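Since we're looking at a predicted model, the values are computed, not measured. When a residue number appears, it is its place in the shown sequence, counting from 1.
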Amino acid sequence: MADNSHLISGVAERYASSLYELASEAKSVDAVAKDLNRFQAMIDDSTDLRRLVESPVFSAEDQSRSIVALISKAGISGLVGNFLKVVARNRRLFAMPAIIRSYHETVARERGEVSADVTSAHALTPAQEKELMAALSSVTGKTVTLDVTVDASLLGGLIVKIGSRQVDTSLRTKLSTLKHTLKEVG
């Protein structure tokens, strides 16, 4: 099966960019982000909605009718409501999760922010998060927001990803490297 990630990425970026321009003109960038997050939560919480969004089996009419009913019930109207109707009519619902991600990335970029994905062996304290944000801000020259996840299998340390850069200081990786080095020596 062909890799569709590039196709979805291109579609997502175009739709997200258009939505951002409209939201910016209407001075409702944060309100749009909030409604998009609500719609993403709906997708995450419902296997039926996820199937409707992802499956090519449903016709554009079925998807449009369903989306109109869902957003009406959820109270999503205005710019995001109209946007979702257009996306459904154009048979691009499959790209909505990527569109939402791309919209948030566009907002962050326009604000001079960058997001860092941080994986930690244990939950970080607010003081540790603040110190990490300050250190990353000094390196990037931008305001950094953290998306922290906990993975106990790291044993200790952090894995930090910003864009295409990754720094892995986890104890698991250090032990794995040491084990590999010892095998080559022995």
Least distance between heavy atoms, Arg89 atom then Ala60 atom: O-CB, 4.0 Å
Any side-chain heavy-atom pair of Leu19 and Leu36 under 4.5 Å: yes
Cluster overlap Val144 with Val107, hydrophobic side-chain contacts below 4.5 Å: no
Audit row: Phe58, Leu93, side-chain contact (heavy atoms from CB on, under 4.5 Å) steps and yes/no: CA-CA 11 Å; Phe58 298 102; Leu93 278 179; over 6 Å; no
From Gln128 atom CD to His122 atom NE2, the distance as rounded to the nearest 0.5 Å: 6.0 Å
Student check: side-chain heavy atoms of Leu158 and Leu124 closer than 4.5 Å: yes
Positive for side-chain contact (heavy atoms from CB on, under 4.5 Å) with Ile67, one of Ile76, Val86, Leu84, Val87: Leu84
Where Ala121 and Gly156 come nearest, the two heavy atoms and their spacing: CB-N, 3.4 Å
Within-4.5 Å side-chain heavy-atom neighbours: Lys73 and Leu70: no
Non-hydrogen side-chain atoms of Val29 and Tyr103 separated by less than 4.5 Å: yes
From OG (Ser137) to CD (Glu113), nearest 0.5 Å: 10.0 Å
Non-hydrogen side-chain atoms of Met96 and Phe83 separated by less than 4.5 Å: yes
Expected output: side-chain Ser46 to main-chain Leu49 donor-acceptor under 3.5 Å: yes
Side-chain donor/acceptor of Arg91 to backbone N/O of Pro56, under 3.5 Å: yes
Approximate separation, where rounding is to 0.5 Å, of Leu155 CG and Leu175 CG: 6.5 Å
Between NZ on residue Lys161 and OG on residue Ser164, distance to nearest 0.5 Å: 11.5 Å
Leu22 side, atom CG; Ser17 side, atom OG - distance, nearest 0.5 Å: 9.5 Å
4.5 Å side-chain heavy-atom contact, Lys85 and Ile71: yes
Flag, side chain of Arg50 to backbone of Asp44, donor-acceptor distance under 3.5 Å: yes
From Ile43 atom CD1 to Asp48 atom CG, the distance as rounded to the nearest 0.5 Å: 13.0 Å
Test: Asp62 and Arg51 ion pair at under 4.0 Å: no
Pairwise side-chain contact, Met133 with Leu146, heavy-atom cut-off 4.5 Å (strictly under): yes
Distance-only donor-acceptor check, side chains Ser170 and Asp168, under 3.5 Å: yes
Heavy-atom side-chain contact between Phe39 and Val80 under 4.5 Å: no
Cluster overlap Val53 with Tyr15, hydrophobic side-chain contacts below 4.5 Å: yes
Ser72 (side chain) donor-acceptor with Ala69 (main chain) under 3.5 angstrom: no
Short side-chain donor-acceptor distance under 3.5 Å, Arg172 and Ser153: yes
Side chain Thr177, main chain Thr173, donor-acceptor under 3.5 Å: yes
